[in-house]
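Contents: one structure, followed by commentary.
Fair warning: this is a prediction, and the values are worked out from it, not measured in the lab.
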Amino acid sequence: MNHRSWTRHARTVAVVAAAGALVAAVLPVLAASAGQTLAQVATARGFHIGTAAGVRTLASSQWRQVADTQFNSVTMGNEGKWDATEPTQGQFDFAAADAIADYAAATGKRLRGHTLVWHSQLPSWVSTDRTAAAQRQVLIDHVTGVAGHFAGDVAQWDVVNEPFNEDGTLRSSVWYTRLGESYIADALTAARAADPAAKLFINDYNVEGVNAKSTGLYNLVQRLQAAGVPIDGVGLQAHLIVGQVPSTLRQNIERFTALGLKVEITELDVRIPLPADTAELTQQAADYRAVVGACAAVAGCTGVTTWGVGEVDSWIPAFFPGYGAALLFDEQWRARPAYTAVVEALGGTATVPAPPPVPSLVSVAAYPFESGLAGWGSRGSEVTTQVTTVAHGGTGSVLSSGRTATWQGPTRPVLDLLAPGKLYTVSAWARTASGTGTARLSMQRQNGTATRYENVSANTAIGTSWTLLRGDYLFLPGATALSVYLETTDTTGDLYLDDVTIETEGPPVSSSASASASASASVSVSPSASRSVSPSASRSVSPSASRSPSASPSQGGPAGCVVRYTTNDWGGGFVGDVTVTNTGAAVNGWTVRWTFAGDQRVNQAWGATVTQAGAAVSATNAAWNGTVGAGAAVNFGFLASYTAGYTGGNARPAAFTFNGTACTVS
């Protein structure tokens with residue numbers, strides 16, 4: 001038994017205990033939907049139907065319930081890539097990838113590894129100037145270290161990912177530029193030596209049909225086979241646009257299997273310009289049926305993996321503004337028509353599963369700093385004190401003074417509070433004593449001698465008024481120390497911290513809406529102009545008129561309300577999260593309205609139907625969350641981007657209304 005297997009077997013119970021408990025708590029809901037699941041239909045015919053997984057999605061009870069029951073294969077997402085597994089040369093970190101491997105083992109799923117050698121997501125040290133011989137050794141050492149760690153656990157490896165240009169020539173990556181085509185043979189040979197049992201694949205996009213790029217791949221495979229290089233299969237990613245399944249897909253699969261190779265559809269999604277209508281969802285179902293059917297019809301095509309389960313873990317909205325609705329389940333975990341199409345393409349009879357229940361949010365820790373530091377201290381030579389002259393809420397806060405470096409700030413150990421494998425929402429309020437700056441809330445995780453600094457939330461607007469920092473944090477197993485801390489990126493002035501909370505999923509509080517075989521998109525926005533982004537070319541769409549909800553809710557009012565609005569930003573947009581607490585009479589049906597301060601555009605939403613006209617935004621309840629009792633709260637979220645050329649900040653809207661009543665903004 002290799003070291004990775006021994007370690008996993010020694011701690012499997014600890015790693016998956018929290019996941020197992022939550023899944024056991026919600027599985028009876030699915031039992032109400034009699035009939036075979038997608039995974040059962042696929043397994044019965046010896047076929048693999050899979051999904052990509054990330055450590056954050058593993059921590060969601062709703063994601064796990066759907067993934068556990070509907071898929072029999074799982075692929076590592078970002079956690080298996082170079083920047084995650086070997087961020088520093090010779091220092092491997094497998095905590096995140098191990099969590100996915102442990103999940104696959106605990107649920108009896110096949111595990112696909114992704115990816116050993118790619119031109120993207122490389123730490124800067126990989127591209128440091130060195131000789132060809134030294135660069136080749138870097139590649140071999142990495143492949144050997146990662147594939148060897150997972151030997152016996154991974155059924156298939158995407159050894160080399162996306163090596164081709166669209167014309168079928170090899171991409172000018174750091175690997176090809178320094179080593180030529182031989183780098184591909186080096187990677188495959190090293191992978192076979194490290195794990196003789198794993199099937200070795202080359203994976204690429206826009207190679208689904210017969211074209212110049214797929215022919216380049218075909219010719220490469222023939223050269224590798226002639227040279228005796230180990231190669232077992234090819235992966236066709238299949239990031240498709242609705243209505244554009246290549247007519248030569250099956251022919252292409254057959255020509256690769258004729259070489260003695262296995263073929264898998266490795267990253268399937270079918271994106272739709274938003275808002276998706278019934279005709280587009282019907283066409284999408286036909287597209288999924290065509291892709292899965294083409295694979296299932298060829299003996300050597302052994303599986304189809306979708307790149308995510310539903311809207312919550314889809315990469316499409318962030319990279320293709322104006323597109324979405326690309327996967328089998330929507331943002332409320334309801335099966336789309338494509339689900340039925342896939343089951344039928346595999347020879348089964350679909351019974352649409354009920355969505356999983358909505359989990360509650362429970363408090364793990366709260367630090368209002370009303371009577372002391374509560375275990376908080378300093379990270380360096382600065383001084384951390386509890387003060388009563390400045391506070392966000394109540395009468396106390398923490399002051400970090402005498403800071404001489406931006407990384408200094410208040411910190412507290414939390415290893416004893418968090419359970420491995422669980423996702424936590426961490427929030428805090430920060431401000432400077434003078435001037436402005438950027439605050440960052442982070443975790444410092446130590447695994448033996450290795451230390452990782454993991455960002456939770458950052459906000460560029462801190463000044464002499466309080467700013468909320470709020471984000472999710474997944475606690476990975478194996479940590480020997482863990483601390484939460486506040487720092488800045490651009491100032492060493494005095495820093496205040498207050499009202500720190502840590503929350504996590506609790507027992508279910510309500511059931512989601514009943515399953516519907518004809519699910520519809522729950523976001524209604526005018527799509528922004530689409531841009532061309534790899535892995536496949538996006539088509540240009542004209543903005544369409546916003547669609548209204550199919551039924552107008554019966555809205556009560558007036559009602560008092562408090563709104564909590566937070567954002568997590570990335571380069572081209574942000575995720576918005578809105579929680580409205582109803583402080584008035586109960587309402588049956590609601591609409592929340594606000595106006596963006598800049599040129600932000602909502603692309604996708606969950607928990608609400610969102611429409612936007614200019615900067616004005618309206619969010620109307622979903623079918624399952626329209627009733628909000630007195631003192632109760634409702635939550636929804638959205639993905640948004642900026643229009644081309646926009647340079648303004650992501651300022652918070654100044655005001656919100658709830659059924660026409662102005663809300664207090666916390």
Side-chain angles (χ1 to χ4, degrees), residues 36-53 66-77 80 100-101 103-105 107-115 150 153-161 195 197-205 207-208 214 217 221 231-240 245-246 249-250 252-270 287-309 326-329 338-339 341-348:
Q36 286 185 303
T37 67
L38 175 56
Q40 289 169 335
V41 171
T43 301
R45 64 174 296 158
F47 194 81
H48 286 101
I49 190 77
T51 185
V66 178
D68 285 0
T69 55
Q70 301 300 328
F71 300 95
N72 61 8
S73 176
V74 66
T75 297
M76 294 177 186
I100 298 172
Y103 167 76
T107 55
K109 301 186 192 309
R110 182 190 68 165
L111 177 64
R112 297 194 79 254
H114 179 82
T115 176
F150 291 100
D153 294 333
V154 170
Q156 298 178 351
W157 268 111
D158 290 331
V159 178
V160 178
N161 194 47
D195 187 2
K199 300 300 181 184
L200 310 181
F201 279 61
I202 297 175
N203 189 53
D204 215 324
Y205 63 90
V207 292
E208 295 76 33
S214 64
L217 174 59
V221 169
I231 172 72
D232 301 304
V234 294
L236 316 180
Q237 290 185 11
H239 294 293
L240 304 174
V245 176
L249 173 60
R250 179 169 174 175
N252 195 40
I253 293 172
E254 288 173 336
R255 69 167 173 165
F256 280 107
T257 59
L259 296 177
L261 297 177
K262 300 296 183 185
V263 174
E264 296 237 348
I265 308 298
T266 55
E267 303 181 20
L268 175 63
D269 45 40
V270 181
D287 293 343
Y288 267 95
R289 187 189 304 273
V291 173
V292 175
C295 179
V298 181
C301 193
T302 53
V304 173
T305 292
T306 61
W307 206 244
V309 172
L327 295 167
L328 299 182
F329 294 85
Y339 172 88
V342 172
V343 173
E344 293 175 350
L346 293 176

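Of all heavy-atom pairs between Cys301 and Phe47, the closest is O-CE1, 3.7 Å. Minimum heavy-atom separation, Gly303 to Cys295: O-SG, 3.8 Å. Here the closest heavy-atom approach between residue Gly77 and residue Ile100 is recorded as N-CD1, 4.2 Å. For the pair Ala294 and Arg250, the tightest heavy-atom approach, listed with the atom from each and the gap, is CB-CB, 4.1 Å. Closest approach of Ala53 and Val74 over heavy atoms only: CB-CG2, 3.3 Å. Nearest heavy atoms, Val154 versus Gly113: CG1-N, 3.5 Å.
There is no side-chain donor-acceptor pair under 3.5 Å between His48 and Asn72. Donor-acceptor pairing under 3.5 Å is recorded for the side chains of Ser214 and Arg255. A donor-acceptor contact closer than 3.5 angstrom links the side chains of Glu264 and Thr302.
Annotation: the span from Asp287 atom CG to Leu268 atom CG amounts to 9.5 Å, rounded to 0.5 Å. The distance from the CG atom of Asn203 to the OG1 atom of Thr75 is 9.0 Å, given to the nearest 0.5 Å. Atom CD in Gln156 sits 8.0 Å away from atom OG1 in Thr305 (nearest 0.5 Å). Rounding to the nearest 0.5 angstrom, the gap separating the CZ atom in Phe201 from the CD1 atom in Ile231 is 8.0 Å. Atom CG of Leu38 is separated from atom CG of Leu346 by 6.5 Å, given to the nearest 0.5 angstrom. The line from CG of Leu217 to CG of Leu261 is 8.5 Å long, rounded to the nearest 0.5 Å.
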Item to check | Verdict with reasoning, Thr266 to Arg112, per side chain to side chain contact (heavy atoms under 4.5 Å, CB included) | outcome: CA-CA 9 Å; Thr266 55; Arg112 297 194 79 254; 3.9 Å; yes
Item to check | Worked verdict on Tyr288 versus Thr306 for side chain to side chain contact (heavy atoms under 4.5 Å, CB included) | outcome: CA-CA 10 Å; Tyr288 267 95; Thr306 61; 4.1 Å; yes
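Taking the side chain as every heavy atom from C-beta outward, Val263 and Val298 never approach each other to under 4.5 Å.
A donor-acceptor pair is defined here as one N or O able to donate and one able to accept, closer than 3.5 Å; no such pair exists between the side chain of Thr43 and the backbone of Gln40. With hydrogens and angles disregarded, no donor-acceptor distance shorter than 3.5 Å links the side chain of Lys199 to the backbone of Lys262. In this structure, Thr115 contributes its side chain and Asp158 its backbone to a donor-acceptor pair below 3.5 Å. Asn252 places a side-chain N or O within donor-acceptor distance of the main-chain N or O of Glu208, the cut-off being under 3.5 Å. A donor-acceptor contact shorter than 3.5 Å is absent between the side chain of Gln36 and the backbone of Val41. Gln237 places no side-chain N or O within donor-acceptor distance of the main-chain N or O of Glu267, the cut-off being under 3.5 Å.
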